[in-house]
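Below, chains carry the letters A, B, ... as their sequence lines are ordered, and counting in each starts from 1. Everything numeric in this text was worked out from a predicted model, so none of it was measured. Atom set for the values below is all heavy atoms of this structure, side chains included, hydrogens, waters and symmetry mates excluded.
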Protein chains: 2
Amino acid sequence: MYATLRRKVLTMELAPGAPVSENELAAALGVSRTPVRESLILLAEEGLVQVFPKVGSFVSRVDPVRVADAQFIREAVELTALDDLPSVLDADVLAALHANLDQQDRAGIGLEEFFALDEEFHHGLLQLSGHGAAWATVSAAKGHLDRARRLGLGEASPPAVNAGQHRAILDAIVGGDVAAARAAMRTHLRAVFDDVERIRAQSPSLFASNDGSTPVRRNVVTWD
Amino acid sequence: MYATLRRKVLTMELAPGAPVSENELAAALGVSRTPVRESLILLAEEGLVQVFPKVGSFVSRVDPVRVADAQFIREAVELTALDDLPSVLDADVLAALHANLDQQDRAGIGLEEFFALDEEFHHGLLQLSGHGAAWATVSAAKGHLDRARRLGLGEASPPAVNAGQHRAILDAIVGGDVAAARAAMRTHLRAVFDDVERIRAQSPSLFASNDGSTPVRRNVVTWD
DNA sequence: CGACCGGTACTTGTATACAAGCACACGCAC
DNA sequence: GTGCGTGTGCTTGTATACAAGTACCGGTCG
């Protein structure tokens with residue numbers, strides 16, 4: 001239930017700014033308001049939707065501030081994790097990472113498929129350092145970032161480029177060069193972040209306005 | 001509602017392992033099951049309670065793995081933030097931090113009062129680097145850590161020691177010595193973490209058992 | 001005496017009904 | 001034409017009723 005809604009938001013099936021009525025969703029999904037409402041609460045917790053009491057719930061616009069925050073947290077965690085790499089890497093995780101990269105290199109890979117592999121790859125990297133459990137926190141904070149990435153990917157940073165950066169990171173890790181791994185990771189993470197402003201200029205309606213004005217009902221994003 | 005329950009869990013008023021029945025809480029707090037249930041869902045999200053469908057909800061035992069994770073995330077975020085300190089610090093935030101430290105130094109400060117000041121201090125440090133919004137994520141991941149701290153504080157790491165470490169951090173920051181600030185911060189954060197194992201030996205029933213056995217109803221922690 | 005089987009009392013999960021409140025549209029007065 | 005007041009329809013928040021399932025207790029049988 002929650003996973004379904006989260007996916008709809010992350011894949012932009014529910015556009016930023018769009019109203020998400022509990023009644024409407026409940027009817028559409030064939031369940032009661034209760035589970036829908038509980039899912040919405042969770043989504044609100046990670047900032048993907050905004051709930052205005054007695055007014056309505058809306059899909060959050062992509063907030064550059066939150067994107068920057070997610071970026072910072074992710075960078076901090078993933079870079080710091082590299083410092084904790086053990087001298088001998090876990091063979092199973094390593095094999096999974098290499099298999100993952102091979103799949104990323106496959107021609108004609110879909111966008112959503114690539115995203116799933118990307119998630120798995122970064123999670124695996126954290127596992128290599130023994131901090132796999134921290135991925136949950138990173139993942140939760142990463143919602144806004146992911147939406148921005150989906151807007152940017154396929155244009156400035158096609159999957160092939162990302163796959164290449166992934167391989168550079170893993171190669172540096174396997175080679176034992178932590179400094180190189182950190183540099184590659186930083187380059188990779190920043191590449192995503194640098195696209196946000198460009199996207200913002202392209203589709204400003206998807207982003208939060210500068211002032212903190214409360215959204216009104218008519219203020220709906222239509223996929224023009 | 002959620003804040004009330006969270007406080008009860010963090011202050012150990014609701015002991016780890018204790019059952020938290022929705023009906024019972026609703027009756028005790030004079031509200032319906034619905035708001036209690038929604039609060040419990042949020043608490044479960046941050047790992048403070050565990051919900052076993054059709055069985056019951058229980059306050060999570062302190063999980064050393066999760067404590068270590070929270071520690072790692074916190075260390076990663078707060079140390080990395082120090083690298084982003086601007087050349088000129090925000091005067092207002094700085095003043096608030098100094099005022100905070102003065103309050104920490106007050107004699108006869110209560111434990112809960114100190115905790116609130118500690119939260120405020122670390123949040124302020126993040127604001128100094130322009131990453132104040134990241135505190136929400138750190139705070140959410142920090143639940144397990146906080147419970148462990150409450151167990152340890154007043155014994156091995158009395159408030160006075162922590163206050164001193166806080167001052168060392170801020171002094172290094174004001175002095176522009178990022179390396180010293182990092183060192184002081186690391187010392188401070190590690191001091192908390194190093195106590196966990198000792199506490200565990202002292203009150204093992206408050207911690208998660210090694211095996212992942214599902215708790216049964218009779219398995220209740222009584223404050224012996 | 002020990003093992004097994006069923007009833008009971010509790011749990012959470014879901015659906016529904018009611019309460020309270022805000023935004024918008026319509027109509028009226030100026 | 002313009003501004004204001006009121007009614008209506010929607011929203012979320014809360015309370016309650018029902019459904020489904022599990023653990024425990026006690027009786028019964030071997």
Residue B:R33, side-chain heavy atoms: nucleotide from C:dC22, D:dC18, C:dC18 that is nearest: D:dC18
Stretch residues 35-45 of chain A: residues that reach within less than 4.0 Å of DNA chain C through a heavy atom: A:P35
B:D63: side chain to side chain donor-acceptor pair (under 3.5 Å) partners, not counting sequence neighbours: none
Residues in contact with DNA chain D, drawn from residues 20-27 of chain A - heavy-atom cutoff 4.0 Å: A:V20, A:S21, A:E22, A:N23
Rounded distance in Å - NZ (A:K54) to P (C:dC22): 7 Å
Qualifying residues under side chain to side chain donor-acceptor pair (under 3.5 Å), relative to B:D83, sequence neighbours excluded: B:R182
With A:H122 via ring pair (Phe, Tyr, Trp, His ring centres under 6.0 Å) - residues at least two apart: A:H166, A:H188
Minimum-distance nucleotide (side-chain atoms of A:P53 versus D:dA15, C:dT12, D:dG13): D:dG13
Rounded distance in Å - CZ (A:F58) to C1' (C:dA23): 10 Å
Qualifying residues under salt bridge (Lys or Arg N to Asp or Glu O under 4.0 Å), relative to A:D90, sequence neighbours excluded: none
Contacts of A:R106 that satisfy side chain to side chain donor-acceptor pair (under 3.5 Å) - sequence neighbours left out: none
Show which side-chain atoms of residues 125-139 of chain B pair as donor or acceptor with protein atoms under 3.5 Å away, not counting sequence neighbours.
from	atom 1	to	atom 2	distance (Å)
B:S129	OG	B:A81	O	2.9
B:H131	ND1	B:S129	O	3.4

Salt bridge present between B:E112 and B:R150 (N-O < 4.0 angstrom): yes
Under 4.0 angstrom between A:T34 side-chain N/O and C:dT16 OP1 or OP2: no
Integer-rounded Å distance: D:dC10 C1' and A:F52 CZ: 16 Å
Pairs of donor and acceptor atoms involving the side chains of residues 22-29 of chain A, under 3.5 Å and at least two apart or interchain, shall be tabulated with distances.
from	atom 1	to	atom 2	distance (Å)
A:E22	OE1	A:R33	NE	3.0
A:E22	OE1	A:R33	NH2	2.9
A:E22	OE2	A:R37	NH1	3.1

